[in-house]
Amino acid sequence: MTQAYDEAYRESLENPEEFWGRHAEECFWYEKWDKVLDDSNKPFYRWFSGGVTNTCYNALDMHVEKGAGDRVALIYDSPVTNTIKKYTYAELRDEVALFAGVLAEYGVEKGDRVVLYMPMIAEAAIAMLACARLGAVHSVVFGGFAANELATRINDARPKAIVSASCGIEGKKVIPYKPLLDAAIEISEHKPKNCIILQRPMETADMHPSRDVDWAQAMKKASPKDCVPVLATDPLYILYTSGTTGQPKGVVRDNGGHMVALKWSMKAVYDVDEGDVWWAASDVGWVVGHSYIVYAPLFKGCTTILFEGKPVGTPDAGVFWRVISEHKVKCMFTAPTAYRAIKREDPGAALMKNYDLSNFKILFLAGERSDPDTITWSERNLGVPVIDHWWQTETGWAIAANCMGLHHFPVKYGSPTKAVPGWNVQVLDEMGRPAAAGQIGALVVKLPLPPGTLPTLWGNDQAFVNKYLRDFDGYYTTADAGYIDEDGYIYVMARTDDIINVAGHRLSTGAMEEVLADHPDVAECAVLGVEDPLKGQLPLGFLVLNAGVTRSNDEIVKEVVEMIRERIGPVSAFKTATVVDRLPKTRSGKILRGVMRQIADNKSYRMPATIDDPSILKEIENALNTIGYASSRATATPS
Ligand code: COA
Ligand code: AMP
């Protein structure tokens, strides 16, 4: 019986106002909405317009007031510092209220932006919730980004304050954050008034005498702040994500729709109830961290785990099983790359035998396509369903999933199963015509998008329309290509733009090309995402040097690798580049990146009819051979 899913799906599309209006009743509102779905300014749809609420109230205070103040809200589990710290709902609310007092003391008010550049510590979640409490708009920047990327975000969001910590801990390395933050502020045009810095014991940050504020000292003097009512349609946060250039896109999330959709998703998609222990092993710098480490589990009244560690090496490939067993985790969510890392270190899952995993019910994977090997390995060893699901920073929650709280469909490997209620997913061909079952095309979503999705890009309505709504009239373009089979299962095959997915981290090869092109000896360049057994994809650079350059290729490659690390950050994992005489192009001058990628991945490729000079492909293959990629297995078929 697929009834629960079928009914929810049908109602969500045929009668979205009733469907979402009913689920909104489970949230707290100071004032009810005028309209569930406001379509008065198409294509800018708004959810719960006129409604007044507060996200932090819904995440914390509401549970305390209902008598669940003693329930554990958040467990900070940090194998890298040997710490486990638990906060009950009442304790977390009090900490958040106090930190909201600190922010208010330094002038942060409703509508102000606050950039958070934080490692995976409880204070990251506390700072996010404190912003929400005040109606301020947070923008969390992932710690693995370099000063330059942070500066770009500071300039775009124009924060009144920045919250950071003295360091992050990456495996066994301590990464000082403050020098990166200082460098970012130095190069950014916009300067925040204050930076609130949490000093961690393993690294002491130098403090700027007039700008920097010590977190601990400020907390001692602060008085708690209450929740500030905001409109459902007011922004809760901005999360920058890679676009097709070095200029990241500021995805906006509102308060009301986000709260309703995320709370509903905890049961419908993840089969998690109030009081259950839930673990999303991601980072607060990514959308998964926003939605499923912090907000959704707290809206639902769950216990959420915030984990500062890696799947391997902190201390070993058994750490996931230790966390699941120690905290009695019911469901976990992570990226397939994390399980590939474990599988590589402990293929027989010997370390799992040391732990009691009897409370564990479902493993959810997302962020990249789940390869069948990883799914079957996890199913075999864990003995629980392993559920792939598909979503994006922009969407904020799953577009396609096996909705475990509605109906558990048979898994088809390679597919994240079916469209989630609320999502009218379709496949269109290049002319915008519906594709037949099984035929690959653009994966699009018919407007309006459900609540919780991006209402616009920060300060740039036009870019929102251009990037997401212009390709097909009346549809949101996901920029993923794929197909839907005759049973309604969705298959996500590839991005249609230059985005690559490295260890579940979304990166733009265009942004990397912009950096390479800045090297004085580089005339032309291309960056491709090539297959990698651990990280899914890795970036690989091709450089054409200026005429007359006599320096060694190795030296130049070393310099460009360093430049990308410096300007984009270590998370780009850009470690390999090769120098070639020329790049394969079409007669109109377009670089044939797709063909180059096929060669690097040892796949057969179709010789493009428009190629300018086919002999270049042999040169590319030879260059790839010298750095351990490609082989003569990549064969061309005539176009
Ligand atoms: N702050 C500072 N540096 C960071 C960072 C952070 N928050 N996160 C990553 N980095 C650095 C790493 O130290 C590494 O630097 P290095 O080149 O000096 O070694 C680089 O960025 C790449 O990091 P990462 O992609 O994490 O690779 P890894 O080799 O250290 O680990 C995995 C590989 C698979 C174990 C790891 O990527 C992982 O656990 N992934 C889980 C996926 C995930 O959380 N996805 C989010 C979406 S669900
Ligand atoms: P991000 O914005 O970082 O969440 O990345 C979103 C992109 O990751 C999507 O557009 C897809 O290309 C890819 N992605 C995420 N989840 C999946 C999945 N389950 N299957 C295939 N691709 C996925």
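One-based numbering, in listed order, for ligands and for the atoms of each. When reading the values below, keep in mind they use all heavy atoms of this one structure, side chains included, and skip hydrogens, waters and symmetry mates.
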Per-residue contact class, Glu308 against ligand 1 - non-hydrogen pairs under 4.0 Å: neither
Thr83-Thr81 side chain donor-acceptor pair, cut-off 3.5 Å: yes
Polar contact flag for Lys575 and ligand 1 (N/O pairs, less than 3.5 Å): yes
Atom 30 (O) of ligand 1: the protein heavy-atom neighbour that sits closest, reported with distance to 0.1 Å: Lys310 NZ, 2.9 Å
Side chain to side chain, Trp397 and Val420, heavy atoms closer than 4.5 Å: yes
Selected option - heavy-atom contact closest to atom 39 (O) of ligand 1, from Gly171, Gly536, Pro311: Pro311
His389 neighbourhood, listing ligand 2 atoms whose heavy-atom distance to it stays under 4.0 Å: 16 (N), 18 (C), 19 (N)
Protein heavy atom at shortest distance from atom 20 (N) of ligand 2: Arg369 CA, 3.3 Å
Check: Tyr237 ring centroid to His290 ring centroid under 6.0 Å: yes
Check: Thr303 and Asp276 side chains under 4.5 Å, non-hydrogen atoms: no
Identified ring-ring contact (aromatic ring centres under 6.0 Å, His included) partner of Tyr292 from the options Trp391, Trp279, Trp286: Trp391
For the student: nearest non-hydrogen atoms of Pro450 and Trp423, plus distance: CG-CE2, 3.4 Å
Flag side-chain contact, heavy atom, 4.5 Å: Ile440 against Tyr491: no
Reference residue Arg340; test salt bridge (charged side-chain N to carboxylate O under 4.0 Å, His left out); the match among Asp346, Asp373, Asp371: Asp371
pair Thr334-Phe320: side-chain heavy atoms closer than 4.5 Å: yes
Between Glu379 and Tyr413: side-chain donor-acceptor atoms closer than 3.5 Å: yes
Atom 4 (C) of ligand 1 protein-contacted (non-hydrogen atom, under 4.0 angstrom): yes
Side chains of His408 and Pro385 in contact at under 4.5 Å (non-hydrogen atoms): yes
Atom indices of ligand 1 within 4.0 angstrom of Val571 heavy atoms, with elements: 21 (O)
Interfacing atoms of ligand 2 (cut-off 4.0 Å, heavy-atom, Trp391): 4 (O), 6 (C), 9 (C), 15 (C), 16 (N)
Test of ring centre spacing under 6.0 Å for Phe360 and Trp278: no
Shortest heavy-atom approach to atom 34 (C) of ligand 1 - which of Thr337, Val502, Ile175, Leu365: Thr337
Side-chain touch Val141/Leu116, heavy atoms, less than 4.5 angstrom: no
Sub-4.0 Å heavy-atom contact, Phe142 with ligand 1: yes
Heavy-atom nearest option to atom 42 (C) of ligand 1, drawn from Ala338, Ala317, Gly569, Ala503: Ala503
Heavy-atom nearest neighbour of atom 16 (N) of ligand 2 within options Gly367, Ser242, Ala400: Gly367
Ring center gap for Tyr270 and His389 short of 6.0 angstrom: yes
Salt bridge (charged side-chain N to carboxylate O under 4.0 Å, His left out) evaluation trace for Glu513 with Arg593: CA-CA 12 Å; Glu513 289 180 2; Arg593 291 182 177 79; 2.8 Å; yes
Those atoms of ligand 1 less than 4.0 Å from some heavy atom in Ala335: 42 (C), 45 (N), 48 (S)
Side-chain touch Ile500/Arg495, heavy atoms, less than 4.5 angstrom: no
Atoms of ligand 2 close to Asp388 [distance to a heavy atom under 4.0 angstrom, numbered from 1]: 18 (C), 19 (N)
Taking atom 18 (C) of ligand 2 as the reference point, the nearest protein heavy atom with its distance: Glu368 O, 3.3 Å
Atoms of ligand 1, numbered as shown, that sit under 4.0 Å from any heavy atom of Gly144: 1 (N), 2 (C), 3 (N), 4 (C), 5 (C), 6 (C), 7 (N)
For Arg565, the ligand 1 atoms whose distance to one of its heavy atoms is below 4.0 Å: 16 (P), 17 (O), 18 (O)
From the candidates Ser282, Pro570, Gly367, Cys167, the one that places a heavy atom nearest atom 47 (C) of ligand 1: Ser282
Proximal atoms of ligand 2 relative to Asn501 (non-hydrogen, under 4.0 Å): 8 (O), 13 (C)
Subset of ligand 1 atoms that lie under 4.0 Å from at least one heavy atom of His505: 25 (O), 26 (O)
Ligand 2 N/O within reach of Thr393 N/O, cut-off under 3.5 Å: yes
Polar contact flag for Asp480 and ligand 2 (N/O pairs, less than 3.5 Å): yes
Arg495, portion touching ligand 2 at heavy-atom distance under 4.0 Å: side chain
Side chains of Arg506 and Thr241, donor plus acceptor under 3.5 Å: yes
Atom indices of ligand 1 within 4.0 angstrom of Val288 heavy atoms, with elements: 48 (S)
Winner among Met120, Lys172, Lys173, Glu170 once heavy atoms are compared against atom 19 (O) of ligand 1: Lys173
Minimum-distance protein heavy atom relative to atom 29 (O) of ligand 1: Lys535 NZ, 3.2 Å
Atom indices of ligand 1 within 4.0 angstrom of Trp286 heavy atoms, with elements: 46 (C)
Close-contact set for ligand 2 against Val492 heavy atoms, below 4.0 Å: 21 (C), 22 (N)
Ligand 1-proximal atoms of Tyr177, by part, heavy-atom distance under 4.0 Å: side chain
Element-labelled atoms of ligand 1 that are located less than 4.0 Å from some non-hydrogen atom of Gly143: 1 (N), 2 (C), 6 (C), 7 (N)
Donor-acceptor pair, side chain of Thr337 and main chain of Leu534, under 3.5 angstrom: yes
